[in-house]
Asks: 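Before I ask anything, let me first share the structure, which is written out below as structure tokens.
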Amino acid sequence: SAPPSPRQSPKPREEPAWRGSEEAGTGMTQELKLELQRFALQIRIGILEQLKARGFGHIGGSLSVADALAVLYGSVMRVDAENSTREARDKLVCSKGHAGPAVYAALALKGFFPYDELKTLNQPGTRLPSHCDRNKTPGVDMTTGSLGQGTSLAVGMALGDKLKGLDSRTFLIVGDGEANEGQVWEAAMFTAAKQLTNLTWLIDNNKKQLDGYTEDILKPFDFEEKFRAFGFEAVSIDGNDVEQLENALTRRPLGRPLAIILNTVKGKGIEEVENTAGNHSMTPAPEAFDRWLDELQRKYAALGQGGID
């Protein structure tokens, strides 16, 4: 079935989306909440449209970050599809580059390229490779894919903006399995040491990685405590709740960079995928994609009637 019509993007934000820390957690309007929930569902639909066209792909970790991307691109980030290389824009680095389908869906819905182009994912000649590539995809701010390296790239971008005196923010999405890489912690140490408060880390703590559960492969312990030990202001939230996401992303760090631990569900939004153990990358049958798309369409229709929790 056809996806819902792309949302109308609001006028690009002129000022950073800060609220004073004393206001953090005060909630949002019901109108904005519904708008962001709809946007997250549209992103999930876009993810499935891409993977259905290709026949396989990184479904679990793309679905888990759909809500974060909806809040970033739908409320928080200063981006403009008509001026996508403006120096003072806010920037996203998806260091877990295999979640490219989620980023592409958000960008298409924001008007950076035609929505129908999503169906060219990872095809010969496409502008949408399996992992994010800034040289190919309009709106992608940094090439990623080799896990861990996106963290250092985001640090360099944020440091460069700080040295230039720009008020832009950089947002870095890191996978919990990706945090096995030592480079992640070198970048975290540098972020705090150089007081890069314009760089916000988002850890997608969906509890799984390529070949199993993070607890079984390399126990991560408490991410919030670890980032505090590295000199961050750290907070743990439900990373699939748009209200908690928006509150956390708009709180102003007080002298230290902010790390937001997103407690998410791998495959979030599609119950059958959520309950599949090996849902990092899947090769579902076409009828499964159709079934899941219908499921999302029903949820989208329910939101149009006043919302679902």
Side-chain angles (χ1 to χ4, degrees), residues 12-29 32-33 36 65 67-79 87-95 141-142 150-174 176 179 184-205 220-264:
R13 188 187 296 277
E14 295 298 330
E15 300 297 330
W18 295 122
R19 287 202 300 267
S21 60
E22 71 280 358
E23 296 182 64
T26 57
M28 62 168 62
T29 66
L32 178 58
K33 181 177 180 178
L36 294 177
V65 297
D67 304 286
L69 290 169
V71 174
L72 285 168
Y73 282 102
S75 176
V76 174
M77 290 177 64
R78 293 179 297 170
V79 294
E87 188 175 36
R89 72 190 185 281
D90 292 336
K91 304 168 187 71
L92 175 78
V93 177
C94 186
S95 190
D141 295 306
M142 183 51 66
T151 61
S152 297
L153 294 166
V155 165
M157 293 164 68
L159 177 61
D161 284 349
K162 182 178 181 179
L163 293 173
K164 293 175 183 175
L166 301 176
D167 68 352
S168 57
R169 299 176 67 187
T170 298
F171 298 90
L172 168 64
I173 298 177
V174 182
D176 52 356
V184 170
W185 302 103
E186 294 175 13
M189 186 163 51
F190 190 96
T191 300
K194 300 303 179 182
Q195 297 184 320
L196 298 181
T197 55
N198 59 334
L199 174 59
T200 298
W201 287 55
L202 297 93
I203 310 303
D204 182 23
N205 188 30
F221 297 95
D222 190 315
F223 278 118
E224 188 176 343
E225 288 185 3
K226 288 169 80 168
F227 274 93
R228 285 206 181 102
F230 271 75
F232 282 70
E233 178 181 345
V235 60
S236 294
I237 66 168
D238 180 344
N240 296 127
D241 183 300
V242 296
E243 188 166 9
Q244 291 187 37
L245 281 158
E246 207 263 353
N247 288 338
L249 285 163
T250 55
R251 77 189 272 177
R252 184 188 295 271
L254 300 178
R256 293 182 294 167
L258 175 63
I260 305 173
I261 315 305
L262 308 180
N263 293 307
T264 63

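Heads up: numbering here begins at 1 and tracks the sequence. Source: prediction; values computed, not measured.
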Asks: What are the two closest heavy atoms between L245 and A68, and how far apart are they?
Replies: CD1-N, 3.7 Å
Asks: Grab the two heavy atoms, one from K91 and one from M77, that are nearest each other, plus how far apart they are.
Replies: C-CE, 3.7 Å
Asks: CD/Q195 to CG/L159 distance, rounded to the nearest 0.5 angstrom?
Replies: 12.0 Å
Asks: Can you see which heavy atom on A187 is nearest to which on T151, and at what distance?
Replies: CB-OG1, 3.5 Å
Asks: Does any N or O in the side chain of S75 come within less than 3.5 Å of the main-chain N or O of V71, such that one atom is a donor and the other an acceptor?
Replies: no
Asks: Determine yes or no for a side-chain-to-main-chain donor-acceptor pair under 3.5 angstrom, with K162 supplying the side chain and K194 the backbone.
Replies: yes
Asks: Looking at every non-hydrogen atom in both residues, tell me the closest pair between A188 and F232 and how far apart they are.
Replies: O-CE1, 3.3 Å
Asks: Can you tell me how far the CD atom of E243 sits from the CG atom of D238, to the nearest 0.5 Å?
Replies: 11.0 Å
Asks: With the side chain counted from C-beta on, respond yes when D167 and R78 share a heavy-atom pair under 4.5 Å apart, and no when they do not.
Replies: yes
Asks: Have a look at W201 and tell me which of I173, L196, V184 forms a side-chain contact (heavy atoms from CB on, under 4.5 Å) with it.
Replies: V184
Asks: Sequence neighbours excluded and cut-off under 3.5 Å, please list the side-chain donor-acceptor pairs for residues 257-264, or say none.
Replies:
from	atom 1	to	atom 2	distance (Å)
N263	OD1	N205	ND2	2.9
N263	ND2	I237	O	3.3
T264	OG1	D204	OD1	2.6

Asks: S168 and A88: which non-hydrogen atoms are nearest, and at how many Å?
Replies: CB-O, 3.4 Å
Asks: Counting C-beta onward and ignoring hydrogens, is there a side-chain heavy-atom pair between L172 and S95 closer than 4.5 Å?
Replies: yes
Asks: Locate the shortest heavy-atom distance separating D141 from L92; write the atom from each residue and the value.
Replies: OD2-N, 2.9 Å
Asks: So N198 and L166, side-chain contact (heavy atoms from CB on, under 4.5 Å) or not? Walk me through it.
Replies: CA-CA 9 Å; N198 59 334; L166 301 176; over 6 Å; no
Asks: Hey, could you give me each pair passing salt bridge (charged side-chain N to carboxylate O under 4.0 Å, His left out) that has a residue in residues 220-229? Not counting sequence neighbours.
Replies: E224-R228
Asks: Using ring centroids (six-membered ring only for Trp), state whether W185 and F190 fall under 6.0 Å.
Replies: no
Asks: Does a side-chain heavy-atom distance below 4.5 Å link F230 with M189?
Replies: yes
Asks: Side chains of E186 and S152, heavy atoms from C-beta outward: is any pair under 4.5 Å?
Replies: no
Asks: Do D90 side-chain atoms and R169 backbone N/O form a donor-acceptor pair below 3.5 Å?
Replies: yes
